Protein chains: 2
Amino acid sequence: MLLSKSCEYGLRAALHLASVAPGTYVPIRDVSTALGIPYHFLAKIAQAMIQQKILASTRGPHGGVRLARAADQITLNAIVLALDGPAIFEECVLGLPGCGTQQPCPLHDQWAPARERVRAMFVETTLDELATRIQTQGFRLADLTSTP
Amino acid sequence: MLLSKSCEYGLRAALHLASVAPGTYVPIRDVSTALGIPYHFLAKIAQAMIQQKILASTRGPHGGVRLARAADQITLNAIVLALDGPAIFEECVLGLPGCGTQQPCPLHDQWAPARERVRAMFVETTLDELATRIQTQGFRLADLTSTP
DNA sequence: TTGATTTAAGATAAACGAGTCTTAAATTGA
DNA sequence: TCAATTTAAGACTCGTTTATCTTAAATCAA
């Protein structure tokens, strides 16, 4: 698994907010049921995203969470960094500390560009782009196999 | 972390066998100390690789493990599949079951080729190629930061 | 045969990620 | 004010991965 479950859930939640109700507060409970993500777990992930300024929140009735910035100002990379940190874009594929151009492992020259391509995908993609796809092309954010 | 610790250790052990003593049995203890991998853990990983026909072993004095085939006949992909399974080459980046060309998630079109490139790196690289690099160019398989 | 060496196998423990539960605090509307 | 709603925060449980420990079995050499 490239991303942690927390990160997968966080990305899907952010995409949901960007595509379903841009700008308005949505209760975490609603996001949880819409995407099939355990509520208490998602609440904890949302807290982290709020602290990292990815989301904003208000409590009480009509409260919930929303994107902290416009959807075209939030890259997938920002969310991955907030929840999983930079490790996946920096780590040696063989787990060797300090692997880099100075002290490369035997796979470094092949791994570094492949890893960079994955990183570029996250850096160059904004929530806005994907939200558009979800709305215009019907791409999915939830597991359809369990709710046919 | 793309690969599990088991898989990282297994790849490094296989590369060590391919570069240090091709064809001869090396005690797991020796591999363990050479690469800085916990002995009992590596022994268990070796067992799995033996069952998957990546390694062969004999017990007793002058026993140990060696590659089951010639180093140019073993791809990195074979070792990754044996220890981590095919999941990393098949999974949806957002963790959605059944994500594919039929039911794509919003990221699928960008993720699938990036993932395929990573897979190609493992499929197209043999232990022999990397062993050559290790010998001719001094690439490393162990953590040099702890033993300066 | 005996003892040293080494893998084989399984029990056990520690660390971490994933998920659950409970209580507190804030906000809103009646 | 009061009650309902909702996030905030932390403790807790569970399962897997990672790591350690112990014992058994096989092999070889003297």
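To find a chain, count down the sequence lines: A is the first, B the second, and so on, and within it residues start at 1. All of these numbers come straight from a predicted model, not from anything done at the bench.
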For this session: Answer yes or no: is there a side-chain heavy-atom contact under 4.5 Å between A/T126 and A/I74?
Result: no

Exercise. Contact class for B/Y25 (heavy atom, under 4.0 Å): base, sugar-phosphate, or nothing?
Worked result: nothing

Exercise. Do A/V20 and A/D30 come close enough that some side-chain heavy atom pair is under 4.5 Å?
Worked result: no

Exercise. How close or far is atom P of D/dT17 from atom CG of B/L2, stated in whole angstroms?
Worked result: 15 Å

Exercise. Counting only side-chain N and O atoms of B/Y39, is one of them less than 4.0 Å from OP1 or OP2 of D/dC21?
Worked result: no

For this session: For the pair B/R117 (side chain) and A/R117 (backbone), establish whether a donor and an acceptor sit closer than 3.5 Å, ignoring hydrogens and angles.
Result: no

Exercise. Do A/H108 and A/T101 have side-chain heavy atoms sitting under 4.5 Å apart?
Worked result: yes

Exercise. Atom CG of B/L42 to atom P of C/dT6: distance rounded to whole Å?
Worked result: 15 Å

Problem set entry | B/F41 and B/Y9 aromatic ring geometry - parallel, tilted or perpendicular at 30°/60° bounds | perpendicular

Problem set entry | Integer-rounded Å distance: D/dT20 P and B/Q47 CD | 16 Å

For this session: Check every strand shown and say whether A/Q51 touches a base, only sugar-phosphate, or nothing at a heavy-atom separation below 4.0 Å.
Result: sugar-phosphate

Exercise. For the pair made of CD1 in B/I45 and P in C/dA8, what is the distance, rounded to whole Å?
Worked result: 14 Å

Exercise. Can you name the nearest heavy-atom pair linking B/T75 to B/F122, along with the distance?
Worked result: CB-O, 3.8 Å

Exercise. Is a donor on one side and an acceptor on the other found under 3.5 Å between the side chain of B/Q135 and the backbone of B/S19?
Worked result: yes

Problem set entry | Test side-chain hydrogen bond (donor to acceptor under 3.5 Å, both in side chains) applied to A/T125 - qualifying residues, sequence neighbours left out | B/Q110

Seminar exercise, completed: Under a 4.0 Å heavy-atom cutoff, the residues of residues 79-95 of chain B touching DNA chain C are none

Seminar exercise, completed: Of A/K5 and A/T58, the one whose closest nucleotide on DNA chain C sits nearer the 5' end is A/K5

Problem set entry | N or O in side chain of B/S57 less than 4.0 angstrom from C/dA8 OP1/OP2 | yes

When you compare the protein's N or O atoms with those of nucleotides 21-24 of chain C, which come within less than 3.5 Å of each other, and at what distance?
residue: C/dC21; atom: N4; partner: A/H40; partner atom: ND1; Å: 3.3

For this session: Quickly work out the B/I50 CD1 to D/dA26 C1' distance and round it to whole Å.
Result: 13 Å

Problem set entry | Which nucleotide in D/dA19, C/dT28, C/dT6 has an atom nearest any side-chain atom of A/H62 | C/dT28

Exercise. Rounded to the Å, how far apart are B/I37 CD1 and D/dT18 P?
Worked result: 13 Å

Exercise. Sub-3.5 Å donor-acceptor pair from the side chain of B/R115 to the main-chain atoms of B/V93, do we have one?
Worked result: no

For this session: Name the closest nucleotide to the B/P61 side chain, picking from D/dT5, C/dA18, C/dA4.
Result: C/dA4

